[in-house]
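The next block holds one structure in the form of structure tokens; read it before the comments.
Computed from a predicted model, the values in this text were never measured in an experiment. Side chains included, hydrogens not; waters and symmetry mates left out as well; all remaining heavy atoms used. Residue numbering restarts at 1 for every chain, and letters A, B, ... go by the order of the sequence lines.
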Amino acid sequence: MPELPEVESARTVIERAALDRTIIDVDDSDSYECRPHPPGAIRAALVGRRLTVAHRRGKSMWCDTSALAPSGEPGPALGIHLGMSGKIVIANPDGEEIDGGDYWERGRPRGDYRYSRFALSFDDGGALMLVDPRRLGRVRLDPPVEALGPDALTITPGGFRAVMARGTIPVKARLLDQDKIAGVGNLLADQALWLAKVSPSRPVGELSPAEINRLHRALRRTLGAAVAGGGVHTLSIIPFRKAGARCPRDDAEMRRGTVGGRTTWWCAREQA
DNA sequence: TATAGTGTTATCGG
DNA sequence: ACCGATAACACTAT
């Protein structure tokens, strides 16, 4: 399920395979996925335009759209969030199907579009779909991406220190706050905290400068490992997030709890 | 069969 | 203002 690395991969798929194709139809009939737009609103805004650039910040993607005529104004940005179960699928007129989630989740039978919640049809006969069984993703025009914090992949040490500077909130909850730092999900957070040997429930304001530095370096390493390995499911702590598991570094018990509203696993000794 | 879950948003209560 | 808890979304995996 998508965190920053998976979303970046989806963005790349759009960039490679969906830009500069003229949109002739839009299925925006799922009013929950497309909230707050009523059915037809996204369609009316996009038909006749092309996606021109694919952006990402944290787990949010958005595409710039072209003007309807050479002298016209560009269209609104098309924002796509994958939620917990979404992926981009592109079907091409020659029968080729590009599944932007193939590398991180079990395959979906070719041509199974049961869970397509939003789709763009192109004038060449192809289509881009948001396939999202749980319907936790969303599609909207001009998404408020400026509310997001700096991207977790490019945040500077100074920026990271500022994010972790104040408050009594548990450090993991702060890592998951997309308005403070964008892109860290539950698994990336558990892995980075484990690598840095920092307890997920420590109040951020009590972290030492050394701990904050360690955590930032751990986060960078974690993001690099997830991108290189092919998704957050390849992170090294994942097999140990289960009952009875022991920490692969010191063999202490792995503990389970809820931090920031999410299931959290940590080493009872090193992350005390 | 029952339960948990890799995400976000809104809302309520302290 | 800050923070925790809950619900909503609807399906898969164990």
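- If you run salt bridge (charged side-chain N to carboxylate O under 4.0 Å, His left out) between A/D151 and each of A/R56, A/K180, A/R220, only A/R56 comes through.
- Where pairing requires Watson-Crick or G-U contacts shorter than 3.5 Å, the helical stems of DNA chain B with at least three consecutive pairs are B:2-5 with C:11-14, B:7-14 with C:2-9.
- Under the side-chain contact (heavy atoms from CB on, under 4.5 Å) rule, A/V26 has a single partner from A/V139, A/L120, A/L128, which is A/L120.
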Derivation of the side-chain contact (heavy atoms from CB on, under 4.5 Å) call for A/R249 and A/W194: CA-CA 10 Å; A/R249 259 189 326 232; A/W194 176 76; 3.4 Å; yes
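- Relative to the side chain of A/Y32, the nucleotides C/dC9, C/dC3, B/dT6 differ in distance, and C/dC9 lies closest.
- Paired with A/V184 under the rule side-chain contact (heavy atoms from CB on, under 4.5 Å), one option of A/L188, A/N186, A/L187 passes, and it is A/L188.
- Base engagement by A/L187 is indicated by at least one non-hydrogen atom pair under 4.0 Å involving a base atom.
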Under the side-chain contact (heavy atoms from CB on, under 4.5 Å) criterion, do A/D30 and A/F118 qualify, and how do the steps go? CA-CA 7 Å; A/D30 188 321; A/F118 175 83; over 6 Å; no
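- Spacing between atom CG of A/D177 and atom C1' of C/dA1 amounts to 14 Å, rounded to whole angstrom units.
- A/L136 has its CG atom 12 Å from the C1' atom of C/dT12, to the nearest Å.
- For the pair A/R35 and A/R114, both in contact range of DNA chain C, the more 5′-proximal nearest nucleotide belongs to A/R35.
- Note on A/S85: nothing from the nucleic acid sits closer than 4.0 angstrom, heavy atoms only.
- Picking from B/dG7, B/dG5, C/dC3 the nucleotide with the shortest atom distance to the side chain of A/R262 gives B/dG7.
- As a whole-Å value, the separation of A/D30 CG from C/dC11 C1' is 14 Å.
- One atom, CD1 of A/I238, and another, C1' of C/dT14, lie 16 Å apart when rounded to the nearest Å.
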Take A/M164 and A/H216, measure what side-chain contact (heavy atoms from CB on, under 4.5 Å) needs, and give me the verdict at the end. CA-CA 10 Å; A/M164 297 298 157; A/H216 185 211; over 6 Å; no
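- Inter-residue side-chain proximity for A/L130 and A/L82 is flagged as met; some heavy-atom pair is nearer than 4.5 Å.
- Between the NE2 atom of A/H81 and the C1' atom of B/dG7 there is a distance of 6 Å, given to the nearest Å.
- Using a 4.0 Å heavy-atom distance criterion, A/R174 is classed as a sugar-phosphate-only contact.
- Listed candidates were B/dA4, B/dT6, C/dG4. Nearest to the side chain of A/I169 is C/dG4.
- Here A/Q178 lies in heavy-atom contact (under 4.0 Å) with sugar-phosphate atoms only.
- At most 12 non-hydrogen atoms from other residues, nucleotides or ligands lie less than 6.0 angstrom from CZ of A/R221.
- Of the candidate nucleotides C/dG4, B/dT6, B/dG7, C/dG4 has the atom nearest to the side chain of A/P170.
- Where A/G167 and A/G261 each meet DNA chain C at their nearest nucleotide, the meeting point lying more 5' is that of A/G167.
- DNA chain B is contacted by both A/N186 and A/R138; A/N186 maps to the nucleotide lying nearer its 5′ end (nearest heavy atom per residue).
- B/dG5 and C/dA5 are spaced 15 Å apart, taking the P atom of each and rounding to whole Å.
- Between the P atom of C/dT12 and the CZ atom of A/R134 lies a distance of 11 Å, rounded to the nearest Å.
- Between the P atom of B/dT8 and the CG atom of A/L176 lies a distance of 9 Å, rounded to the nearest Å.
- For the pair A/R117 CZ and C/dC9 P, the interatomic distance rounds to 13 Å; values are reported in whole Å.
- Of the candidates C/dT12, B/dG5, B/dT6, B/dT6 carries the atom nearest the A/E3 side chain, counting heavy atoms from C-beta on.
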